[in-house]
Colleague: 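So that we are looking at the same thing, I have put the structure below in structure tokens.
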Amino acid sequence: MTHARGGAADRPTGPAHHDLPGTEVPEGALEPAELRAGDVRPGEEEVTPVRPAPSRPTPAKIKRTRVSGTWVAVIAGLVVLVVLLIFILQNLDSVTVHFFGGEGSLPLAIAMLFSAIGGAALVALIGGARILQLRKQARRR
């Protein structure tokens with residue numbers, strides 16, 4: 001098994017000082033150039049323990065409740081109402097509206113608000129019918 005450091009393949013292949021006649025280097029000794037490069041013996045590696053950086057304690061997760069969800073919905077509803085009120089106040093120009101043969105005059109924003117409410121009511125009716133259909137099917141099973 002060859003280690004990352006100190007294996008036979010890691011040693012220089014050129015002439016070294018221990019290849020010269022009259023100089024003998026004990027087995028496992030390092031070459032002088034290797035000593036200058038880091039003074040690490042083969043097979044010995046410095047291991048510095050790594051400690052995780054101190055982190056802030058994580059706050060305990062707060063359990064969400066129906067009441068908190070209701071408050072979020074109320075606040076979102078209030079924001080929508082404020083935006084609608086601003087829209088209505090900025091679009092008070094009177095327009096003529098024709099609907100099923102009837103004719104009337106009212107502010108543009110109010111006419112648009114009525115059409116949005118009508119569309120929402122239509123979606124709610126279709127969704128409610130589908131829910132009733134699924135409940136009926138679930139009872140049969």
Side-chain angles (χ1 to χ4, degrees), residues 1-20 22-141:
M1 180 169 150
T2 309
H3 295 285
R5 292 186 186 179
D10 292 339
R11 293 203 177 120
T13 57
H17 75 282
H18 69 289
D19 293 336
L20 299 174
T23 57
E24 219 172 279
V25 177
E27 184 68 31
L30 296 175
E31 300 293 327
E34 291 172 317
L35 289 172
R36 286 191 301 265
D39 197 19
V40 177
R41 300 209 179 260
E44 293 180 19
E45 296 181 13
E46 286 187 35
V47 178
T48 306
V50 178
R51 293 184 183 166
S55 62
R56 290 182 280 172
T58 57
K61 286 195 173 187
I62 297 173
K63 188 176 180 182
R64 294 183 183 200
T65 62
R66 289 183 186 177
V67 174
S68 67
T70 303
W71 276 110
V72 169
V74 167
I75 292 171
L78 284 173
V79 169
V80 168
L81 285 175
V82 168
V83 170
L84 277 174
L85 182 62
I86 292 169
F87 176 77
I88 289 170
L89 291 174
Q90 289 181 345
N91 292 289
L92 289 176
D93 298 335
S94 194
V95 294
T96 304
V97 177
H98 303 277
F99 188 67
F100 287 133
E103 186 176 312
S105 179
L106 66 150
L108 172 64
I110 300 296
M112 293 178 72
L113 182 61
F114 283 151
S115 66
I117 290 171
L122 182 64
V123 168
L125 284 173
I126 294 171
R130 179 66 177 149
I131 288 171
L132 290 175
Q133 182 184 33
L134 290 172
R135 283 185 182 171
K136 190 176 182 181
Q137 192 177 27
R139 278 190 219 129
R140 287 184 195 156
R141 292 182 183 176

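Computed from heavy atoms alone, side chains included, the values below leave out hydrogens, waters and symmetry copies. Everything quoted here is computed from the prediction, not taken from an experiment. Just so you know, residue 1 is the first one in the sequence shown, and it goes up from there.
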Colleague: What donor-acceptor contacts under 3.5 angstrom involve side-chain atoms of residues 111-126, with partners at least two apart or in another chain?
Modeller:
| from | atom 1 | to | atom 2 | distance (Å) |
| --- | --- | --- | --- | --- |
| S115 | OG | M112 | O | 2.7 |

Colleague: With sequence neighbours left out, what residues match S94 under side-chain contact (heavy atoms from CB on, under 4.5 Å)?
Modeller: S105
Colleague: For residues 68-79, dump all side-chain donor-acceptor pairs below 3.5 Å to protein atoms at least two apart in sequence or in another chain.
Modeller:
| from | atom 1 | to | atom 2 | distance (Å) |
| --- | --- | --- | --- | --- |
| S68 | OG | T65 | N | 3.1 |
| S68 | OG | T65 | O | 2.8 |
| T70 | OG1 | R66 | O | 2.8 |

Colleague: Going by side-chain contact (heavy atoms from CB on, under 4.5 Å), I110 matches just one of I88, L92, V97. Which one?
Modeller: I88
Colleague: Considering only distance and modelled atom types, tabulate donor-acceptor pairs under 3.5 Å from the side chains of residues 130-141, sequence neighbours left out.
Modeller:
| from | atom 1 | to | atom 2 | distance (Å) |
| --- | --- | --- | --- | --- |
| R130 | NH1 | Q133 | OE1 | 2.7 |

Colleague: For the residue pair V95 and P107, what are the closest heavy atoms and their distance?
Modeller: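 It is CG2-C, 4.4 Å.
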Colleague: Of V83, L84, V82, which meets side-chain contact (heavy atoms from CB on, under 4.5 Å) against V80?
Modeller: L84
Colleague: Taking side-chain contact (heavy atoms from CB on, under 4.5 Å) as the test, write out the residues that go with Q90, two or more places apart.
Modeller: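 Per chain and number, Q90 pairs via side-chain contact (heavy atoms from CB on, under 4.5 Å) with I86.
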